[in-house]
2 protein chains.
Amino acid sequence: LAGSEAAPGIADIQAAAARLAGHAVATPLLSSDLLDRELGCRLFLKAEPLQRTGSFKFRGAWNRLNLIADSDRPRGVIAYSSGNHAQGVALAARLKGVAATIVMPADAPAIKLANTRALGAEVRLYDRARESREEIGDKLMAETGATLIRPYDDAGVIAGQGTIGLELAAQLRVAGLAPDLVACPHGGGGLIAGLSLALEARPPAAEIWAVEPADFDRFGRSVRAGERRAIAPGGQTFCDALMAPMPGRLTFQVNRRTLAGAVAVSDAETAAAMRAAWRHFKLVVEPGGAVALAAALSAKLDLTGRTVVVVASGGNVDPALYAKVLAAEM
Amino acid sequence: LAGSEAAPGIADIQAAAARLAGHAVATPLLSSDLLDRELGCRLFLKAEPLQRTGSFKFRGAWNRLNLIADSDRPRGVIAYSSGNHAQGVALAARLKGVAATIVMPADAPAIKLANTRALGAEVRLYDRARESREEIGDKLMAETGATLIRPYDDAGVIAGQGTIGLELAAQLRVAGLAPDLVACPHGGGGLIAGLSLALEARPPAAEIWAVEPADFDRFGRSVRAGERRAIAPGGQTFCDALMAPMPGRLTFQVNRRTLAGAVAVSDAETAAAMRAAWRHFKLVVEPGGAVALAAALSAKLDLTGRTVVVVASGGNVDPALYAKVLAAEM
C-alpha cells in the first residue's frame, strides 16, 4: 500500500483502525443543547483538537509510519508541513523510534514550530517566498535515504485519516443514529477522502460536503472544471492549515466521486465558528479546523431536522490570534 | 434519599449512574504527550466542560430531579446559584418537564445568566450586598410549593456528582490503570464528596486532594480546626464557582474522612492553568474549574511517576475575561 498509486479501500482503512487502536484517541462527538435548539437539528462535532498532537494528522502519520519496511526505518522520515502534519509525524516517529526531519515554513504559527521541536523532530526552516521545500526535501532524502511522508496524496495516509469516518459512524450507531450530512474541511483533501471512503462502506449513505476558505476553493474550482485546478493567485486566509494550492491527484480522484459538493466560507464566518466552538463546545479550534462548523452556522447547508456531523480537524493556534478572535476583532 | 440527612452510599451513586446513562455525557479523560513529558507522570484531565451545560452540575441536578415525587413535580423547583448549578438545574428541569426558578446574583458571569435563561428557566436576580437569597427563596417556596435543589448539601446531589468517580475509574481501568492521586476543586464540597465516596468503593485507594482558591480556603481551615470554619472576611478570587463561604455540613462530614488534604492556589496559578488547558488539552476551562490543574502544575502535589487525575469541573467563562487570561494579563 505504501506509496501506491491507488486509493485505499475499506480493508485498508480497517487495517489502519486496528493499527491506531490504543495509540490514537477515539475523539468524542460533542453536542450542545443550546446550539441544537438554535439550528433545529442534531449537530455533532467530531473533536480532533482532542487527538494526540492536537489534530487529525496523527492518524495518517501513525498509519504511514507503520507501513515503512523495518529495513528502511533506521534512515528516518522526512515531511513538509506548516504545522499539523509536522507534529503528527514528529510524535508518530518518536513513538516508533524513528528519526524525523520536518521542513517547515519560517512563518508557521509559533505554537506549531515549538511543539514539533518539543516532540523531538529536527525542524528545517525555509522561506516560503524564496526557497522550494521540495528542493530542500529532495536534497535531504538524497543525503540520508529517509522516507518522505506526504501530507495527503498517499494511500497509507488517506487510510489513516479515514479511521475518523469509521469512528464517527460507530459512535453515532451507539446512540441509534446515522449521519445524514457530514461537513469536513478540505485542504489537500486527504482527511475528507479517507472519511468519505469509510462512510461509503457504512450505509445508509450520508451527504458529505467539502468546506474551504473562500480564497482557497481549490476543490470547488476543480469540481466545476471537471479536473484539478489551482486557486486564483493572491488569495488570503487565516486558515494556515488549508493553504494547499491544488487538490491532490489521488485525493481528487476519490473526492470528485464521493462528495456531494463544495462550500466556501469567509474568514469572518470561520472566526465566528471558532467563537461558537469556544462557547458551545468548550473546544479550542484553529482557523482551518473551524471551517466546517462555519458552513453549518452560516446557513450554507441544509441542516433542518437532520443528524449532522461537522469535523473540527485541529486546535493548534497561537494564543494572541485566538484572543483576538475571541474578542471579535476579526 | 432526597433531603435525607445521611451521606449517600455507593449504592446511591450507582443508582445515580444508572439514571444518568444516556442523559449525561460520559466526559473523556484527556491527556497530553508534551505535558506528561514535562511533569514526569501520566496526567489525565477529567473534562467536565464537555458535560451538558458546560459543567459537572448537570449530574447532581438530574439525579436530584429524578428523586422528586411525581406529585411534587407540578409545583416546580427552585435553586440558588451563581451560574453552573443554575444551568444544570435549568436543563434537567426542562428535560423532565418541570418549571424551574433560579435565584442568581446580578453580578454572575453574563454567559451563565444568558445560558440559564436560554435553557428555559425563570431567573430571579438579587443584589449580593443588599438582599438575602435565602429570604427570596423562602418566599418563593411558600408561594409556590416548589422543591429546593440545594447546590451541594444534599445526598441526592452528592450521589449524582459521585458518578464522575465511577466513570473515571472505569475509563482508567480500560487502559489498565488506576489513579494514584486525584485532585478536584472544592467549593461547597459536593463534587469531591461524591467522587471520594465512589473511589473509596473502587480499590486500590487513591489519594484525593481538595483544591481551593487561596482566599477561599474553607476546607483547609476547617480541616485544621477539626470543625467547619468560614473563610476570612474580605477574600477575593476570580473563581466565581468556588465562593461558598463554608463547607457544607454533609459534605464536610464526608470529606474530613475521605480526603488526603487541602491545597490552596493563587489566582495567578489558576490563570496559568487555564492557559495550559487551552494549549495542551484544547479545552476551555473556567477559573473555578482550573484550580486542580493549577495545583498539579505549581508543584504542590507529588506527581512523579504516578497516575494522576485532575478534575476540570466547568468551562463557563465570559469571553472578555478568557481573552485577558490568554493574553496573560492576569
Side-chain angles (χ1 to χ4, degrees), chain A residues 22 25-35 37-38 45 47-55 58 87 90-91 94-95 111 114-120 174-176 275 277-286 289 312 314-329, chain B residues 22 25-35 37-38 45 47-55 58 87 90-91 94-95 111 114-120 174-176 275 277-286 289 312 314-329:
Chain A
V25 174
T27 56
L29 282 181
L30 307 181
S31 63
S32 159
D33 293 284
L34 285 176
L35 194 57
R37 277 189 116 180
E38 279 175 30
L45 184 134
E48 287 293 292
L50 304 180
Q51 186 53 263
R52 290 178 89 166
T53 72
S55 91
F58 178 74
Q87 292 173 75
L91 179 62
R94 183 167 68 90
L95 296 173
I111 192 173
N115 286 353
T116 304
R117 290 191 177 108
L119 289 166
V174 169
R275 287 190 291 275
W278 178 88
R279 175 171 182 172
H280 292 292
F281 300 105
K282 313 303 177 194
L283 189 69
V284 180
V285 184
E286 66 181 275
N316 294 310
V317 48
D318 279 334
L321 170 60
Y322 195 83
K324 269 172 83 170
V325 169
L326 257 198
E329 284 168 34
Chain B
V25 174
T27 56
L29 283 180
L30 307 180
S31 62
S32 158
D33 293 285
L34 285 176
L35 195 57
R37 276 189 116 180
E38 279 176 31
L45 183 133
E48 287 294 290
L50 303 180
Q51 187 52 264
R52 290 178 89 166
T53 71
S55 90
F58 178 75
Q87 293 174 76
L91 179 62
R94 183 167 70 89
L95 296 173
I111 192 172
N115 287 352
T116 304
R117 289 190 178 108
L119 289 166
V174 168
R275 288 191 291 274
W278 178 91
R279 174 171 183 172
H280 292 293
F281 300 106
K282 313 302 177 194
L283 190 70
V284 180
V285 183
E286 66 182 273
N316 294 311
V317 48
D318 280 335
L321 171 60
Y322 195 82
K324 269 172 82 171
V325 168
L326 257 198
E329 284 169 33

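Everything quoted here is computed from the prediction, not taken from an experiment. Order of the sequence lines fixes the chain letters, A, B, ..., with proteins taken first and strands second; residue numbering starts at 1 for each chain.
- Interatomic distance, CG of A:Leu326 versus CG of B:Leu326, reported as 7.0 Å (0.5 Å rounding).
- Listed options B:Val25, B:Thr27, B:Asn115 were ranked by heavy-atom pairs under 4.5 angstrom with chain A; first place goes to B:Asn115.
- Listed here is the closest heavy atom pair of A:Pro28 and B:Pro28: CG-CG, 4.0 Å.
- Qualifying ring pair (Phe, Tyr, Trp, His ring centres under 6.0 Å) partners for A:Phe281, counting only residues two or more places apart in sequence or in other chains: none.
- For A:Arg279, there are no salt bridge (Lys or Arg N to Asp or Glu O under 4.0 Å) partners two or more places apart in sequence or in a different chain.
- How far CG of A:Leu50 is from OG of B:Ser32: 11.5 Å, rounded to the nearest 0.5 Å.
- Both the backbone and the side chain of B:Leu119 come within contact range of chain A, each with at least one heavy atom under 4.5 Å from a heavy atom of that chain.
- A side-chain donor-acceptor contact under 3.5 Å links B:Lys282 to the backbone of A:Gly315.
- Checking side-chain atoms of B:Arg37 against main-chain N and O of A:Ala118 turns up a donor-acceptor pair under 3.5 Å.
- Of the atoms belonging to B:Leu283, heavy atoms from both backbone and side chain fall under 4.5 Å from chain A.
- B:Asp318 approaches A:Trp278 most closely through the heavy-atom pair C-CH2, 3.8 Å.
- For chain A, the nearby parts of B:Val317 are the backbone and the side chain; heavy atoms of each come within less than 4.5 Å.
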